[in-house]
Structure formats: C-alpha cells, structure tokens
Amino acid sequence: MRRFQPGFVGLEDAPTPMRRSKFSSDGSVVLMSGAASVRPPAAAPAYVACNAAIEGLGRGLAVELAPVRVNVVAPGTIDGNLWAQRPAEVREAVFAQYGADSLLRRVGRESEVAEAVLFLFTNTFMTGSTIYPDGGYSLR
C-alpha cells in the first residue's frame, strides 16, 4: 500500500470490493469546495487550487465508486458560523464586496447551501457534478 501521509491510505490501493463495501449501491457522497475554484480571489493560488482539487476528486470518485453518486457543492461567501467568528468590520467589508461582485447582490445563507446538498443527496440521476450556490458570483 502507498501511504501519502501517516494514517491515510490511497483509495486506489484498496481491493475493488473493499472500496465499495462501505457504500450502499444507491448511496450518495457530497463534498464541499468553494466558488473560488472558478473565480479566484486576488493572491490566493493555494486556496484556489485546493477548491479545484476537491472538484476534481469528486469527478474521479464518481467514476471510481459508481453506482454510488459523488457530487460537489461549491458555495460562495455564506453568512454563517465561519464569518460570525470574525470582527464585524471585516465581515461587513467582505460581505459588501461580495454583494458588489455577485449577480444577486448579497451573500448566501447556510440554509441555501444545505438545500443544495439535500438536492444532490436526493437526485438519483446526478453524479460527478459541481453546483455553485454562489448568487452568480462565479459568472462575473
């Protein structure tokens, strides 16, 4: 077996039945990425690459684990727990800029991302896809 880091073994090293044995054939996996994968913010190449890698992983796992469905949600800036931890002036400045940069002129809500995840869990004919609940941020 190839080890990438302590305690992590590459999925491709496991025998095929082992790879699928933990999933029901009608199962679904949803990974989380971010809209920065398709619309990079300034001076953040590592962040962009990490988000894009998760989306690529989702497509690769969709092929590898079929018929288990694997999809990715890549939200934009979301008004939620992550931003609640930041100073108000930082949060307000980021939210204002995101609103200016997105088609819907606002940040998203955690409930909107949850709805996207539930859609992917329940749609039985979608796999290998990434959806962007980002208010149109990735289109500008």
Side-chain angles (χ1 to χ4, degrees):
M1 287 197 238
R2 269 186 3 214
R3 291 195 178 272
F4 297 106
Q5 55 182 301
F8 179 77
V9 178
L11 186 61
E12 73 275 1
D13 295 321
T16 301
M18 181 187 289
R19 283 183 270 186
R20 294 193 181 101
S21 67
K22 304 232 186 237
F23 296 104
S24 170
S25 63
D26 64 348
S28 180
V29 174
V30 176
L31 304 174
M32 298 299 291
S33 176
S37 64
V38 293
R39 184 169 177 215
Y47 181 70
V48 171
C50 288
N51 282 284
I54 292 168
E55 294 174 24
L57 176 65
R59 289 187 300 275
L61 286 175
V63 172
E64 178 93 11
L65 298 176
V68 173
R69 294 170 293 109
V70 181
N71 293 289
V72 180
V73 174
T77 298
I78 302 299
D79 185 3
N81 187 51
L82 174 70
W83 284 102
Q85 316 276 329
R86 307 259 171 98
E89 61 276 1
V90 172
R91 186 173 57 248
E92 290 166 10
V94 169
F95 286 6
Q97 185 62 55
Y98 190 86
D101 291 345
S102 68
L103 296 175
L104 298 184
R105 302 288 184 219
R106 66 176 179 85
V107 298
R109 295 183 299 272
E110 289 176 333
S111 61
E112 292 167 320
V113 176
E115 289 168 1
V117 171
L118 288 173
F119 167 74
L120 291 173
F121 276 138
T122 58
N123 183 309
T124 60
F125 199 61
M126 184 170 250
T127 193
S129 297
T130 300
I131 59 173
Y132 301 90
D134 67 357
Y137 173 82
S138 58
L139 298 176
R140 295 195 69 166

Shortest non-hydrogen separation from Val72 to Gly58 and the atoms involved: CG2-CA, 3.9 Å

Under 3.5 Å, which donor-acceptor pairs do the side chains of residues 76-87 form with other protein atoms, sequence neighbours left out?
residue : atom : partner : partner atom : Å
Asn81   : OD1  : Gln85   : NE2          : 3.1

Close side-chain approach of Val117 and Met32, heavy atoms under 4.5 Å: yes

Heavy-atom check, side chain of Val48 versus side chain of Pro41, under 4.5 Å: yes

Close side-chain approach of Val68 and Val29, heavy atoms under 4.5 Å: yes

Over all atoms of both residues, closest heavy-atom pair of Asn71 and Ser129: OD1-N, 3.0 Å

ILVMFWY network linking Val38 to Tyr137, side-chain heavy atoms under 4.5 angstrom: no

Hydrophobic cluster identity match, Tyr98 and Val90, side-chain contacts under 4.5 Å: yes

Rounded distance [0.5 Å steps], SG in Cys50 versus CG in Leu57: 12.0 Å

Spacing of CG belonging to Leu120 relative to OG1 belonging to Thr127, to within rounding of 0.5 Å: 9.5 Å

Donor-acceptor contact present, side-chain Ser102 to main-chain Gly136, <3.5 Å: no

Least distance between heavy atoms, Ile131 atom then Ala116 atom: CD1-CB, 3.7 Å

same_hphob_cluster(Leu31, Phe23) at 4.5 Å side-chain heavy-atom cutoff: yes

Asp134 versus Ala35, closest heavy-atom pair with distance: OD2-CB, 3.9 Å

Closest approach of Gly34 to Asn51 (non-hydrogen atoms, all atoms of both residues): N-OD1, 2.7 Å

Pairs flagged by ring pair (Phe, Tyr, Trp, His ring centres under 6.0 Å) wherever residues 25-80 is involved - sequence neighbours left out: none

Backbone N/O of Thr122 and side chain of Arg69: donor-acceptor pair under 3.5 Å: no

Short side-chain to backbone donor-acceptor contact, Thr130 and Val73, under 3.5 Å: no

Least distance between heavy atoms, Glu55 atom then Ser33 atom: OE2-OG, 3.1 Å

Salt bridge (Lys or Arg N to Asp or Glu O under 4.0 Å) against Arg109, all qualifying residues, sequence neighbours excluded: Glu112

In one Ile/Leu/Val/Met/Phe/Trp/Tyr side-chain cluster, 4.5 Å: Val30, Ile54: no

